[in-house]
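What follows is one structure encoded as structure tokens, with my remarks underneath.
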Amino acid sequence: MRSRKIRNRNLQRTRYESYKGSTMKSVVEALLLQTLDTLKQQGVLAEDVNPRIVLQNTKDKSHGDFACNIAMMLAKPAGMNPRDLAERITSTMPSDPRISNTQIAGPGFINFFVNNSWLEEQVSKALSAPNLGINTVTDNDVQTVVIDYSSPNLAKEMHVGHLRSSIIGDAVVRALEFQGHQVIRQNHVGDWGTQFGMLLAYMEEQQNNDEDLDLADLEGFYRASKQRFDESEKFANRARELVVALQSGDDYCNKLWQEFNSISLQHCLAIYKRLGVSLTAKDVRGESTYNKDLQSIVDALADAKLLVESNGAQCVFMDEFKNKEGETLPIIVQKSGGGFLYATSDLAAVRYRAQQLKADRVLYFVDQRQALHFNQVFALAHKAGFANDTISLEHMGFGTMNGADGKPFKTRSGDTVKLVDLLDEAEERAIALVRSKNPDMDTASLEKIGKSVGIAAVKYADLSKDRARDYIFNFEQMLSFEGNTAPYLMYAYTRVASIFDKAGLDMNTINGDITLASEKEKDLANKLLQFPEILDRLTRRGQPHTLCSYIYEVAGLFSSFYEHCPILAADTEAEKQSRLCLAALAGKTIKQGLNLLGINTLERM
RNA sequence: GCGCCUAUAGCUCAACUGGAUAGAGCAUCGCCCUUCUAAGGCGAGGGUUGCAGGUUCGAGUCCUGCUGGGCGUACCA
């Protein structure tokens with residue numbers, strides 16, 4: 001396990017740094033690399049030292065624009081003290097007009113100050129280049145990334161538990177596509193299992209009674225059928241019959257099942273549309289599609305001599321999953337009664353994704369609680385050859401959504417919250433908020449803006465937190481215009497849009513020379529150029545919250561610039577044009593960033 | 001029992017996977033609207049990063065041991 005993790009990380013590292021090559025950081029890194037080579041030739045460094053050069057963005061301007069800790073890392077192997085080595089590095093480094101100064105600071109940091117004109121040139125280029133100057137990956141670096149997300153159970157209505165997977169997964173999907181990777185969405189819906197017998201029996205009963213099939217309230221339908229199951233022996237028997245019939249491929253039963261799934265899926269698609277989640281019907285590949293593969297998975301495990309019968313069940317025991325007493329945990333792939341389990345279908349899915357879809361990475365946006373399950377499935381899939389060792393299988397787990405009391409988010413009566421109800425409330429609250437700020441706005445605009453803000457607020461609140469942790473859901477906070485929230489960022493964007501509206505210019509086509517005269521302009525420019533590396537982190541680690549923090553910082557720096565640097569009323573025409581360009585890049589970056597999170601901006605609020 | 005996750009300002013969250021003085025917002029207190037949307041900006045106070053050790057030039061981050069919380073752990077997914 002451990003060795004595989006390390007291997008995967010190295011793989012990602014080498015493949016994912018493709019955005020580099022033209023960024024300011026990469027230029028400095030190349031210079032450092034060249035310098036280290038020279039030092040090797042001079043015998044200062046041994047030939048076999050090949051450290052990873054990490055250039056950091058400095059937090060404090062007195063430390064320059066970039067800082068590097070390489071001298072401290074190499075001090076020991078070189079047998080020198082860090083500051084002396086840093087001195088040696090900076091004196092050996094070829095001079096470059098793009099670097100205005102280097103300094104050695106603290107215990108041995110090398111601080112780089114970049115030339116202002118280079119910075120100006122970079123922002124101008126980013127503004128006029130397609131994709132905000134983000135290099136899309138080259139052909140050789142394009143990865144096929146399968147993303148397993150959302151995956152609701154079709155037997156029931158979508159509830160708040162499906163929100164995180166759908167939203168976070170979709171943000172990573174969009175970011176990967178923006179980088180130029182080939183993404184294959186997989187909605188691994190729950191469309192199989194014993195509960196379908198009960199549902200189909202109830203469907204049949206309603207149809208026989210000539211009642212209109214009412215699946216508008218799927219949750220109610222589920223409860224009603226469960227009630228019939230519990231109260232009537234006859235009904236329960238029929239339900240069991242239907243499960244068997246369904247599994248044996250009975251036509252009538254299959255038709256009922258498909259009808260049910262189709263209606264249930266429409267509910268999901270409606271929610272995706274409302275949420276702005278990019279999943280469609282063609283991305284659905286439910287559990288049931290792997291039914292035909294399950295026996296062959298078990299057979300393959302048997303052929304590989306991995307299968308052990310234990311208490312009548314077919315299991316695999318792997319040394320990786322051993323506790324201190326030496327007892328190994330089983331992975332059960334076939335029940336004593338012959339049925340298969342989720343480990344079996346997940347193995348089949350891995351095999352399909354690796355061999356049919358030819359994935360380089362498979363990302364699973366699934367609840368953190370299933371971590372052990374996925375660790376087992378991934379380890380076994382590799383061991384059994386369902387996936388070769390180069391494919392990276394990554395569980396992107398997330399924590400629970402809690403209420404204000406820190407306990408799982410529930411209704412007052414203790415039921416799970418339906419996703420539609422949550423979204424309804426968010427929209428209502430947002431409409432009321434927008435109305436309070438714009439008492440004279442007409443109802444149509446009010447609703448349009450309110451709905452947009454409400455959905456964005458819910459999504460952003462979730463996306464802006466580290467997915468690994470539990471988080472507290474709070475309407476007041478997410479709908480605030482203050483702080484790291486969707487309304488604030490959307491508003492920040494409208495401020496930019498409003499400038500261009502007033503000037504009668506198009507934010508998307510303007511370009512030209514940018515002069516960074518004040519600190520406010522420089523700070524904003526520096527931040528804007530960090531977009532590519534932020535995206536890289538997002539897609540490598542599956543963490544959209546890093547992008548949220550980034551957009552928030554951009555918006556903050558823009559606001560500060562906006563307050564201190566008159567744009568339309570600038571002193572000279574050249575200054576005005578320059579500031580317009582900088583504002584345009586800020587606006588486009590905020591908009592693009594939000595779009596990658598699945599959030600649409602408004603031109604006016 | 002064993003395993004995984006987690007503990008950061010009164011509250012909600014960050015901290016670029018070992019870097020420099022741990023940062024934001026809310027709340028509290030003080031400024032700034034005849035000037036591009038004040039739904040904004042500027043500033044102040046607020047911290048023994050759960051506790052105790054260890055590793056090293058350097059630890060919120062890595063290791064060990066405690067304590068509190070969450071979640072898993074053989075035929076549900």
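What you see is a predicted model, and the numbers here were worked out from it, not measured in a lab. Each chain gets a letter, A, B and so on, in the order its sequence line appears, and its residues count up from 1.
A donor and an acceptor atom, one from each side chain of E575(A) and T572(A), are nowhere located under 3.5 Å apart. Residues D466(A) and Y471(A) have side chains that never bring a donor and an acceptor to within less than 3.5 angstrom of each other.
Both stacking criteria are satisfied for Y342(A) over the base of rA77(B): a centre-to-centre distance under 5.5 angstrom and an angle between ring planes under 30 degrees. With centres under 5.5 Å and a plane angle under 30° as the test, the ring of Y552(A) is not stacked against the base of rA24(B). Both geometric conditions, a ring-centre gap below 5.5 Å and a plane tilt below 30°, are not fulfilled together for H564(A) over the base of rG41(B).
Within 4.0 Å of K59(A), counting heavy atoms only, lies at least one base atom of the nucleic acid. P330(A) comes within 4.0 angstrom of a base, heavy atoms only. Contact annotation for M605(A): base contact, defined as any heavy-atom pair under 4.0 Å involving a base atom. Within 4.0 Å of Q56(A), counting heavy atoms only, lie sugar-phosphate atoms of the nucleic acid but no base atom. Within 4.0 Å (heavy atoms only), C548(A) reaches no atom of the nucleic acid at all. Within the nucleic acid shown, N474(A) has no heavy atom closer than 4.0 Å to any nucleic acid atom. Counting any heavy atom pair closer than 4.0 Å across all strands shown, S336(A) reaches a base atom. Counting any heavy atom pair closer than 4.0 Å across all strands shown, Q370(A) reaches a base atom. Note on I332(A): a base of the nucleic acid sits closer than 4.0 angstrom, heavy atoms only. In this structure, A75(A) reaches neither bases nor backbone, as no heavy-atom distance under 4.0 Å exists between it and the strands shown. Using a 4.0 Å heavy-atom criterion, one finds that S498(A) contacts the bases of the nucleic acid, with or without backbone contacts as well. Among the atoms of the strands shown, none is found under 4.0 Å from any heavy atom of A371(A). Among the heavy atoms of the strands lying under 4.0 Å from H545(A) are primed sugar atoms or P, OP1, OP2 only; no base atom is included. Within 4.0 Å (heavy atoms only), S345(A) reaches no atom of the nucleic acid at all.
In this model, no side-chain donor or acceptor of Y491(A) finds a partner on the base of rA39(B) within 3.5 Å. Between the base of rG25(B) and the side chain of N484(A) there is no donor-acceptor pair shorter than 3.5 Å. Residue-to-nucleotide contacts include no donor-acceptor pair under 3.5 Å from the side chain of S549(A) to the base of rA14(B). At a cut-off of 3.5 angstrom, the base of rA20(B) holds at least one donor-acceptor pair with the side chain of N111(A). For a distance-only test at 3.5 Å, the side chain of N153(A) fails to qualify as a donor-acceptor partner of the base of rA77(B).
For the pair E553(A) and K59(A), the salt-bridge criterion is not met [side-chain N within less than 4.0 Å of a carboxylate O]. At a threshold of 4.0 Å, the pair D230(A)-K226(A) counts as salt-bridged, since one of the basic side-chain nitrogens sits closer than that to a carboxylate oxygen.
Taking the six-membered ring where tryptophan is involved, the planes of F473(A) and F475(A) are perpendicular, since the angle between them exceeds 60° and thus also 30°.
Nucleotide rG46(B) is matched to nothing when pairs are restricted to Watson-Crick or G-U wobble geometry with both distances under 3.5 angstrom. In a base pair of the Watson-Crick type (N1 to N3 plus N6-O4 or O6-N4) or a G-U wobble (N1-O2 and O6-N3), with each distance short of 3.5 Å, rU17(B) is matched with no nucleotide. Base pairing annotation: rG65(B) forms a Watson-Crick or G-U wobble pair with rC51(B), both donor-acceptor distances under 3.5 Å. Figure legend. rC26(B) is base-paired to rG10(B); pairs are counted as Watson-Crick or G-U wobble with both atom distances under 3.5 Å.
Note on K76(A): a side-chain N or O is less than 4.0 Å away from OP1 or OP2 of rC57(B). The phosphate of rC42(B) (OP1 or OP2) has a side-chain N or O of S560(A) nearer than 4.0 angstrom. OP1 or OP2 of rA7(B) lies within a sub-4.0 Å distance of a side-chain N or O belonging to R469(A). Residue Q334(A) places none of its side-chain N or O atoms closer than 4.0 Å to OP1 or OP2 of rC75(B). Within the 4.0 Å cut-off from OP1 or OP2 of rC76(B), at least one side-chain nitrogen or oxygen of K335(A) is found. Of the side-chain N and O atoms in R495(A), one or more sit less than 4.0 angstrom from OP1 or OP2 of rA38(B). Regarding contacts with the backbone of rG41(B), a side-chain N or O of Y488(A) is found under 4.0 angstrom from either OP1 or OP2.
Minimum atom distance to the side chain of L341(A) is reached by rA77(B), of the listed rA77(B), rA14(B), rU12(B).
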